[in-house]
Each structure stands twice: as C-alpha cells, then as structure tokens.
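What follows is a set of notes on a single structure, which appears directly below.
Within every chain, numbering begins at 1; the chains are lettered A, B, ... in the order of the sequence lines, protein sequences first and strands thereafter. Quick caveat: nothing in here was measured; it's all calculated off a predicted structure.
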Number of protein chains: 2
Amino acid sequence: MPPTQNLPGRELAVTVVLFSLREEALQVLLAPGSGASWLLPGQGLRAGEALEEAANRVLTGLIDRREAYLEQLYTYGGTGRPAVSVAYFVLVPAEAQPAPGGTARWFPVAALPGLAGDGAEILTYALRRLRYKLEYSAVGFQLLPGEFSLPELQHTYEIILDERLDKRNFRRRMLQSGIIEPTGHRRLGEGRPARLYRYRPDAVAEVKARRLFP
Amino acid sequence: MPPTQNLPGRELAVTVVLFSLREEALQVLLAPGSGASWLLPGQGLRAGEALEEAANRVLTGLIDRREAYLEQLYTYGGTGRPAVSVAYFVLVPAEAQPAPGGTARWFPVAALPGLAGDGAEILTYALRRLRYKLEYSAVGFQLLPGEFSLPELQHTYEIILDERLDKRNFRRRMLQSGIIEPTGHRRLGEGRPARLYRYRPDAVAEVKARRLFP
DNA sequence: GAAATAGTGTCTGTTAGACAATATTTC
DNA sequence: GAAATATTGTCTAACAGACACTATTTC
C-alpha cells in the first residue's frame, strides 16, 4: 500500500517512480508528504481509465513532457489505503522540466529523504530493475537527449551502475551492436570534439540472457 | 480485464496461470467459462487480504498442493469487470493433483481451447516469461519432483523450450553450475539406470544476463 | 548378446576483459 | 606547444556450441 497523493480513500491507485539524470547523479522525483516525509507520486484510478492512462496522467502533472519511457513495475498491497497500488517505472531525459507550480522535488538516489509507507521498498526495487535492465536492454537511451556522444553515454552507464567502465571495451561493443548511429554532428568543448550519435530504436533492443542451462 | 470466476462484481481480482508438465507436455489449468469457452482461474480480492494471499487461496481451490512457485506476472485492466486483475504465474510439479470435485481441466499449451476475455493474451505472456526465465534462472526445477535424473531434467527443458538440446553440453553445464547434487539413488528402467539428483535452492539461482553494454 | 538408455571428452570459434598509445581540438 | 578530451587495437582466458563413442543395465 504505497502512499498516494490527494486521493486518500481510493481502492486502486497508480504510483510512479520517475528517474532522471541531473547534476551528474541519478535522481527521483518525490512529492511532499505529511510532516517531513516524502512520497512517491501517485493518484487514484478513475472509473473506466486504463492503468497506463492513469500513470500518464500522474506524469503529466509532474513534468512538461509528453513522451517518456514507462513500464509497469509491480503491484503492491491488498491491505491499507489505497488497497492496491500499481507502480510504474518511468525514465525521462535530463532535458525534461518539472511542471510549473508543482511541489515535487528531485532527490539523488544516493541521498533520499524519509519515504512514507512502502515507498522505500518500491524505490529500491525500481532501482534494481533499472540497473538490471540497463545491462540487457536499451533503456539507458531513455535518459539521454536525442543526440549524445559516446563519452556521455558511457558516463550515464557509470552513474547508474555506480561502477567505472573501460572506455575501449564500452565503445567497441556499443558500436558493434549497431544500436547507435552517427548523426554527423560534433560536440564542441575543451578538448577534441566528440562525435554525436543517435539511438536506433529499430535495432534489436534486447539481448538474449546468457543461458544457464542451454 | 481478465475473466474471473464466480465473483463478477468485484473491482479487483487475482488471476492465476498454473503450469505443470503432464503427459510429456506443458499444460495449463483452466476453469470452465460460459458456453464453450474457458477461463484462467481467478477470484475477487477480499477486504484486507494481501494479493499473494488471494493468489494462494485461488490455488488451494484448484490443486491439492500447499507449496508452489508463485510469482506476480502483470496487472491488467482498468476498464471492464473486474476493473483490475493481478495475474500470477504458478508452477507445480507433475505430482500435484487437481482438487477433488473441481471443474478445472488441464490443457496442453499447444492445444488451447477458446479463452474468454484477455485470457489468451495473459497466457501468451506467461508462457513467454516461463521460457525466458527458464534460461537464466532455476524455475525449471519447480516443475519437477524432488528427485530427478539428468535425462528427465533435460527432457523438461526440451518440452518447455520446444527445442532439442545437446546432451553433453546440457549435462556439463548443469553439473558445473553446482545447482544440483546427486542423491545417491538411481532411477531403474529399461536400460542403464540413471543417477538421481536434487535441486540445491541455496545455490545461486540466477545468472547475470550477458551485458549488452558493459 | 541384443536392445535400451545413461554417461563421458575434445576441439574450435567467439567473446569478455585487461591493457596504453595516438589524434584532434582549444587556449 | 601545453592542456584537455576523443579515439583506436591487441592479446588472453573463458565459454558456447558442435560432435561420437563407451558404459551399464534388462530381457
């Protein structure tokens, strides 16, 4: 029974775990709760509304962005208010801006405030899922703008996995996978400019797990 | 809005996709629906009942077995009756017997009857998940009795994956993984008796997916 | 001893992972 | 030309996958 915003008496709610990269850190958007605690943003499900619709509605109230990577995470509860809450996992690029006038705030996952209800449990699970999916699917691109350099991409992976990666091996596999293509543009900066790439959603986005028992 | 048994007016239900191996085939337990159609078994959620409790309750009404491998699959709906249904994925060994007096029947996944509502969609997803998990986790053992031979284990994999596997490679990896241990018993039959093994739940049950972008 | 099934070992190609030097830009 | 950053290639160990014969039991 995860905490919900504004609609305390509902049977069914959706909860959203919204991740983004800001200031060199993986951050989560949280809504103010009672007292000093914070909540995962959520809303009761409206009559006739599909689950994913409701999740998108919550999202629209939080952020200025219409498209986002959204995936059902897990359904919690059966006791408490709301009785059941369907948690969604959402990724937005750093470009996305919080909705004007909103009270939600970003928190680095490394420095979370106290979370009401089972918010901490949900968040931990979402984070685990993010790290796991990063390694065998292409979700990482959802956290980046449309054009990015390979060092930026690698940096994204390093932040989320909290682990240093070898530059040569990273580039080799990323390029060999065919999942990105050069845009022809370059990112100018202090040193040698970096080539920019874009994600190719048509490329195979998921990798076969290594078979334990083939 | 998956079909539910007996409790048409509920907001929230759990649906169970129950797999077992019988007669050399992967089979699913279905409940009779209206007319000639069949349903995935399910029940409305009771007040104060946790989701997994409800899934276990449904299970108890279907089969004589108290323990089963049970995992939340996906939550469907938002429209229709029931408004939302939480689907569970369940594996039981072939030993398990249907509850006496029950009306549910086993169907091979290769020859399913017409399914009401979005039963077919849920079942297809459950099957995909089973095959997928089989390759990187140890769920396969949940379909076998406590003691089994390596040929039996391989046969289980072949049935579910619908694919022939190399005996030598299969045995090598299965044994090297340390996930099974010999019981000292043997399975007698027509030819040379097979050594029996048991699953070691304490062994690492999941394998790192191959990193796409390490 | 024939039939049936269980059990075993090797070779090869691919890939993950470790590792250091060169290239291009700005100031 | 110094500083900063981007870009590139090789070697090795581990593992997946292909492949054929021997061992043990029953009848």
Side-chain angles (χ1 to χ4, degrees), chain A residues 24 131-132 134-137 140 144-145 147-159 161-198 204 206-214, chain B residues 24 132 134-137 140 144-145 147-159 161 163-198 204 206-214:
Chain A
E24 309 280 296
R131 289 187 170 135
Y132 192 70
L134 202 66
E135 298 191 348
Y136 72 88
S137 81
L144 285 166
E147 274 193 337
F148 49 84
S149 68
L150 274 171
E152 285 164 1
L153 182 59
Q154 181 176 348
H155 196 206
T156 300
Y157 275 78
E158 290 179 334
I159 287 172
L161 298 176
D162 195 19
E163 176 186 347
R164 297 297 294 270
L165 303 173
D166 181 271
K167 188 160 50 162
R168 287 159 291 189
N169 294 336
F170 183 85
R171 295 172 70 92
R172 187 207 322 147
R173 272 193 260 178
M174 198 58 77
L175 291 169
Q176 276 184 3
S177 73
I179 209 164
I180 57 177
E181 60 189 4
T183 62
H185 303 156
R186 299 191 306 164
R187 173 90 67 220
L188 300 175
E190 267 205 80
R192 172 173 174 176
R195 269 202 275 265
L196 295 182
Y197 296 84
R198 73 169 71 87
V204 180
E206 205 150 311
V207 137
K208 268 301 237 200
R210 174 185 297 149
R211 285 182 168 198
L212 178 55
F213 322 119
Chain B
E24 308 281 296
Y132 193 70
L134 202 65
E135 297 192 350
Y136 70 89
S137 81
L144 285 166
E147 274 192 337
F148 49 84
S149 69
L150 275 170
E152 285 164 2
L153 182 59
Q154 181 177 349
H155 197 206
T156 300
Y157 274 78
E158 290 179 334
I159 288 173
L161 297 177
E163 177 190 346
R164 296 298 293 269
L165 303 173
D166 182 88
K167 186 164 52 163
R168 287 159 290 189
N169 295 336
F170 183 85
R171 297 173 68 93
R172 188 207 322 146
R173 272 193 259 179
M174 198 57 76
L175 291 169
Q176 276 183 3
S177 72
I179 209 164
I180 56 176
E181 60 187 5
T183 62
H185 303 155
R186 299 190 309 162
R187 172 90 67 221
L188 300 176
E190 266 207 79
R192 171 172 172 176
R195 268 202 276 265
L196 295 181
Y197 296 84
R198 72 169 70 87
V204 180
E206 205 150 309
V207 137
K208 267 302 237 198
R210 173 185 298 147
R211 286 184 168 196
L212 179 53
F213 322 119

| Taking CZ from B:R164 and P from D:dC19, how many angstroms apart are they, rounded to a whole number? | 14 Å
| request: May I have the distance from B:L188 (atom CG) to D:dT26 (atom C1'), rounded to whole angstrom? | output: 10 Å
| query | Is the closest side-chain heavy-atom distance between A:R198 and A:I180 below 4.5 Å? | reply | no
| note | Taken to the nearest 0.5 Å, the spacing of B:E181 CD from B:T183 OG1 works out to 9.0 Å
| How does each nucleotide of nucleotides 5-14 of chain C score, in 5' to 3' order, for protein heavy atoms under 4.0 Å: base (B), sugar-phosphate only (S), or none (-)? | BBBBBB----
| said: I need the CD-C1' distance between B:E135 and D:dA16, as an integer number of Å. | reply: 13 Å
| query | A:Q154 CD to D:dT8 C1': how many Å, rounded? | reply | 14 Å
| note | CD (A:Q154) and CG (A:L150) are apart, to the nearest 0.5 Å, by 8.5 Å
| query | Say you draw a straight line from CG of B:L175 to CZ of B:F170; how long is it, rounded to the nearest 0.5 Å? | reply | 9.0 Å
| task | For A:R187 and D:dT5, give me the distance from atom CZ to atom C1', rounded to whole Å. | result | 14 Å
| Less than 4.5 Å apart, any side-chain heavy atom of B:Y157 and any of B:H155? | no
| Nearest-Å distance for atom pair CG/C1', residues B:L165 and D:dA16 | 13 Å
| message | Between the side chains of B:E152 and B:R187, is the shortest nitrogen-to-carboxylate-oxygen separation below 4.0 Å, so that they form an ion pair? | response | yes
| Whole-Å gap separating C1' (D:dA16) and CZ (B:F170) | 15 Å
